[in-house]
Amino acid sequence: MHKDLETALQVGELEVKGQFMLGSNYTFLVNVQHDGQELQAVYKPSKGEQPLWDFPDNTLAHREVAAYLVSQALGWNFVPYTTLREDGPFGPGSIQQYIEYDPNYHYFSFNEEDKARLQPVMLFDLLCNNADRKGSHVIFEEETRKLWLIDHGLCFHEEDKLRTVIWDYAGQPIPENLLDDLAQLSTDPAPGAGQVQSLLADLQPYLSPNEIAALIARAEALTSSGIYPLPPEDRRAFPYPPL
């Protein structure tokens, strides 16, 4: 089914069904029809992105795809399948698998058991330099209770831009299994790290060479320290609004 979903989102016929009204950029719910199946997806056209002073124009959809590729390569698998379509209803943009979830259940209302699942989420945002991890961007699929992460348009800047509500583990050791995953993404990869090294090539259509180099540098710094960093004191460390 996963391959069928990927193929559908890559080549299926797209029909706009509605617009998500929250957020700064234009985002649409679309129906995707392919080979007799119909599913829903989230479409973010590049020309619907509001200009930003610190991110290059028309690159946020590319960063959405890059976040999916990083999540998959490291085996964390918590970004819904995301691809870039040149033939979207409003031009080129990202298409992402739609996840059914309860919008009223978010970071600020999570129970303790679900909050305990956020260590890899915090590490992912540190790695990807997420400048906008709001509480509503961490969701649990209603039927399966699988954890998903959404909205990664403001990631991968080469300068430190991290702003997140998830600082729960600041100052604590990063678990060894997560450090082992990160250690693969380095200029001196461990044996058998071919999948992650191929990630660097996969990212080239979506990120600049400097952004890819900064991603590797962050992975190496986190692996070397082995500690979740504390929030910075010289700039804002939390997104606005937080939800």
Side-chain angles (χ1 to χ4, degrees), residues 54-55 62-79 82 107 110 114-135 137-138 147-204 206-239 242:
D54 53 349
F55 280 81
H62 293 71
R63 297 169 195 278
E64 296 274 5
V65 180
Y68 168 76
L69 293 173
V70 171
S71 170
Q72 291 299 109
L74 293 175
W76 296 349
N77 307 324
F78 44 36
V79 176
T82 313
Y107 171 79
F110 285 166
D114 286 340
K115 274 205 171 183
R117 299 170 62 180
L118 299 182
Q119 286 212 46
V121 176
M122 184 173 175
L123 189 58
F124 182 74
D125 288 338
L126 288 163
L127 175 64
C128 296
N129 197 17
N130 192 343
D132 193 38
R133 175 63 74 204
K134 292 180 170 62
H137 296 173
V138 183
L147 182 152
W148 294 99
L149 308 180
I150 59 174
D151 287 333
H152 297 101
L154 298 184
C155 288
F156 301 107
H157 202 287
E158 59 188 276
E159 299 176 7
D160 186 13
K161 297 284 183 180
L162 182 68
R163 291 188 291 270
T164 174
V165 298
I166 305 174
W167 291 100
D168 301 61
Y169 301 98
Q172 298 182 26
I174 301 171
E176 286 296 328
N177 64 310
L178 296 179
L179 287 175
D180 289 343
D181 293 337
L182 276 188
Q184 301 178 87
L185 188 55
S186 69
T187 53
D188 185 20
Q195 178 183 357
V196 178
Q197 286 304 293
S198 70
L199 167 68
L200 305 183
D202 293 340
L203 289 174
Q204 289 181 10
Y206 307 107
L207 302 176
S208 72
N210 285 346
E211 288 167 342
I212 294 173
L215 171 68
I216 297 171
R218 288 191 297 272
E220 293 177 335
L222 288 164
T223 303
S224 177
S225 75
I227 301 293
Y228 288 104
L230 298 172
E233 298 181 354
D234 59 341
R235 62 173 182 81
R236 181 163 58 89
F238 297 85

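This structure is a prediction, so every number in the text was calculated from the model and none was measured.
Checked against ring-ring contact (aromatic ring centres under 6.0 Å, His included), Phe156 has no partners two or more places apart in sequence or in another chain. In this structure, the ring-ring contact (aromatic ring centres under 6.0 Å, His included) partners of His157, at least two apart in sequence or on a different chain, are Phe55. Arg236 is linked by a side chain to side chain donor-acceptor pair (under 3.5 Å) to nothing, counting only residues two or more places apart in sequence or in another chain. For Lys115, the side chain to side chain donor-acceptor pair (under 3.5 Å) criterion is met by no residue, not counting sequence neighbours. For Ser71, the side chain to side chain contact (heavy atoms under 4.5 Å, CB included) criterion is met by Trp76, Phe78, Val79, Phe124, not counting sequence neighbours.
For residues 162-172, the set of pairs meeting the side chain to side chain donor-acceptor pair (under 3.5 Å) definition, not counting sequence neighbours, comprises Tyr107-Asp168.
The only option from Leu185, Asn129, Asn210 that meets the side chain to side chain contact (heavy atoms under 4.5 Å, CB included) definition with Leu215 turns out to be Leu185. A side chain to side chain contact (heavy atoms under 4.5 Å, CB included) with Leu69 is found for exactly one of Thr82, Leu203, Leu200, namely Leu203. The side chain to side chain contact (heavy atoms under 4.5 Å, CB included) test with Leu178 singles out one residue from Leu74, Leu127, Leu123, and that residue is Leu123.
Atoms CG and OG, on Leu179 and Ser224 in that order, are 10.0 Å from each other to the nearest 0.5 Å. To the nearest 0.5 angstrom, Phe238 atom CZ is 11.0 Å from Ile166 atom CD1. To the nearest 0.5 Å, atom CD of residue Glu158 and atom CG of residue Asp54 are 11.5 Å apart. Atom CD of residue Gln184 and atom CG of residue Leu199 lie 10.5 Å apart, to the nearest 0.5 angstrom.
With contacts defined as side-chain heavy-atom distances shorter than 4.5 Å, the pair Leu222/Pro229 qualifies. The closest side-chain heavy-atom distance from Arg218 to Leu182 is not below 4.5 Å.
Minimum heavy-atom separation, Arg117 to Leu147: NH2-N, 3.7 Å. Nearest heavy atom pair, residue Asp132 against residue Asn130, reads N-OD1, 2.9 Å. Nearest heavy-atom pair, Ala237 versus Pro231, reported as atom, atom and distance to 0.1 Å: CB-CB, 4.0 Å. Of all heavy-atom pairs spanning Asp160 and Leu162, the tightest one is OD1-N, 3.4 Å.
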Check against side chain to side chain contact (heavy atoms under 4.5 Å, CB included), Arg133 and Val138: CA-CA 8 Å; Arg133 175 63 74 204; Val138 183; 3.9 Å; yes

Steps toward salt bridge (charged side-chain N to carboxylate O under 4.0 Å, His left out) verdict (Lys134, Asp151): CA-CA 9 Å; Lys134 292 180 170 62; Asp151 287 333; over 6 Å; no

Derivation and outcome, side chain to side chain donor-acceptor pair (under 3.5 Å), residues Gln119 and Tyr228: CA-CA 9 Å; Gln119 286 212 46; Tyr228 288 104; 3.1 Å; yes

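Judged purely by atom type and a 3.5 angstrom limit, Arg63 has no side-chain atom pairing as donor or acceptor with the backbone of Leu154.
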